[in-house]
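First the proteins, then the strands, lettered A, B, ... as listed; each starts at 1. Values in this document were obtained by computation on a predicted structure and should not be read as measured data.
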Amino acid sequence: MRIATWNVNGLRARLDFVMHWLAAREPDVVGLQELKLTDEQFPHDDFEQAGYRAVTHGQKAWNGVAILSRKPLEVTQLGLPGQDALGSRLVTAKVEGLTFTTVYCPNGKSTSHEDYPRKLAWFDALAAHLREHADGPAIVGGDFNICPEAIDSWNEERLAGQIFHTDEERARMQTLHEAGFRDLFRSLHPEEQAFSWWDYRGGAFHRGHGLRIDFLLGTEAVRSRTREVWIDRDYRKKQDGLTASDHAPVLAELE
DNA sequence: ATGGCCGTGTAACACGGA
């Protein structure tokens, strides 16, 4: 079973690019973030023609998440309880006995911005919610907007203490780990520096100025079945003249 | 040199992203 997560940065602008990737990689279950469209605008027909059904939790213009699956899936959660004010950022579905959650975690903007404590509170609510849903095989994949460790940033020396790089944010990732959700990439690749996001500006991708902020977290029942995890760097590049998202997909192969 | 790019709303630029 091949699973994936991907922040597409606008599904209407990215649809052809996403279809290109689905045909090339043939994942079974995919979490998508930053759809930037309403549920009514979601292109179900296009995905059905590609062999996927979808469950969505969208909103106008911003945020928005969805899960694609080649097999039937049943929604069990729309939105993180108590956190509706921060937008549509979580959806959970059961597929093939796996509980698959996709999250688009708040950005926070900067440590002095009023959104920063809201980001921390959102993560606290996420941990509380997941503790009740950590039994059996479960995945939480998405854009977490946190660099968990120094190795996950292209420039920890300059950015330590700034947004994505604070001890408070890193403690939230640790709490998710302690709730039973482990970072599958880091579990299989303890020493490898690999990024999942690069700024569009200034040639950041080609300069190696990236961050690893997109993860597939799995319970032990999933981690023990995980054969490989990788970041699909090629799909951070233009494909057939189509513009990429600023995030690359993250994939995992489960036994 | 702290901006450079991109998507969306809305109809020229503002805002958010990370």
Side-chain angles (χ1 to χ4, degrees), chain A residues 5-21 32-43 56 58-66 83 85-90 102-120 122-123 141-170 172-173 193-215 231 233 235-250:
Chain A
T5 180
W6 195 8
N7 179 324
V8 298
N9 187 24
L11 185 57
R12 280 169 288 179
R14 206 71 59 219
L15 187 59
D16 291 345
F17 196 92
V18 171
M19 289 300 169
H20 192 288
W21 177 79
L32 301 176
Q33 305 91 40
E34 270 209 273
L35 306 179
K36 299 186 177 182
L37 48 69
T38 63
D39 291 336
E40 292 69 30
Q41 294 172 308
F42 191 90
T56 70
Q59 67 179 86
K60 183 181 177 183
W62 307 113
N63 308 314
V65 288
Q83 298 292 321
L86 276 73
S88 299
R89 296 176 179 275
L90 181 147
T102 291
V103 290
Y104 174 46
C105 304
N107 176 302
K109 295 192 177 70
S110 72
T111 56
S112 59
H113 196 281
E114 61 184 7
D115 284 3
Y116 178 65
R118 291 174 183 158
K119 174 182 189 175
L120 299 178
W122 193 93
F123 272 91
D143 174 1
F144 288 77
N145 278 324
I146 294 174
C147 290
E149 300 177 284
I151 192 176
D152 299 311
S153 175
W154 71 278
N155 196 342
E156 174 74 11
E157 293 72 22
R158 188 203 295 182
L159 298 173
Q162 297 185 34
I163 197 73
F164 291 38
H165 299 70
T166 68
D167 291 343
E168 294 168 310
E169 291 166 299
R170 287 170 173 173
R172 266 61 182 189
M173 290 306 300
Q193 183 170 60
F195 304 136
S196 65
W197 172 88
W198 296 260
D199 201 309
Y200 280 124
R201 296 168 291 187
F205 181 75
H206 297 287
R207 291 168 186 261
H209 296 183
L211 306 173
R212 194 176 72 92
I213 56 177
D214 300 270
F215 317 117
I231 297 174
R233 249 180 129 264
Y235 273 84
R236 178 58 181 78
K237 306 171 186 172
K238 270 191 192 299
Q239 299 288 338
D240 297 345
L242 300 169
T243 301
S245 168
D246 46 358
H247 296 252
V250 183

Quiz item: Quick one: on DNA chain B, does A:T243 or A:G202 contact a more 5' nucleotide (nearest heavy atom)?
Solution: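 It is A:G202, whose closest nucleotide lies nearer the 5' terminus.
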Please report the distance separating the [atom1] of [N] from the corresponding atom of [M], rounded so that it comes out in whole Å.
N      : M      : atom1 : value
B:dC15 : B:dA1  : P     : 27 Å
B:dA18 : B:dC6  : C1'   : 13 Å
B:dA11 : B:dT2  : P     : 32 Å
B:dT10 : B:dG16 : P     : 14 Å
B:dC13 : B:dG4  : P     : 15 Å

Exercise. Sequence neighbours left out, what passes side-chain hydrogen bond (donor to acceptor under 3.5 Å, both in side chains) with A:H113? Give chain and number order.
Key: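 Result, side-chain hydrogen bond (donor to acceptor under 3.5 Å, both in side chains) vs A:H113: none returned.
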Quiz prompt | Contacts of type side-chain hydrogen bond (donor to acceptor under 3.5 Å, both in side chains), residue A:N7, not counting sequence neighbours | solution = A:E34, A:D143, A:H247
Quiz item: Rounding to a whole Å, what distance do you find between A:F205:CZ and B:dC6:P?
Solution: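 One finds 14 Å between P of B:dC6 and CZ of A:F205, rounded.
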Exercise. Grab the NZ-C1' distance between A:K238 and B:dC5 for me, whole Å please.
Key: 11 Å
Quiz prompt | Under 4.0 Å protein heavy-atom contact, by nucleotide of nucleotides 8-18 of chain B - B base, S sugar-phosphate only | solution = SSS----BSBB
Quiz item: Strictly by modelled atom types, are A:Q41 and A:T38 linked by a side-chain donor-acceptor pair under 3.5 Å?
Solution: yes
Exercise. For A:E168, enumerate each residue passing the salt bridge (Lys or Arg N to Asp or Glu O under 4.0 Å) test, keeping only those at least two apart in sequence or located in another chain.
Key: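 With neighbours one apart ignored, the set is empty.
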Quiz item: By ring pair (Phe, Tyr, Trp, His ring centres under 6.0 Å), which residues pair with A:H209, not counting sequence neighbours?
Solution: A:W154
Quiz prompt | Partner residues of A:W62 under the ring pair (Phe, Tyr, Trp, His ring centres under 6.0 Å) criterion, sequence neighbours left out | solution =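 A:W62 satisfies ring pair (Phe, Tyr, Trp, His ring centres under 6.0 Å) with no other residue.
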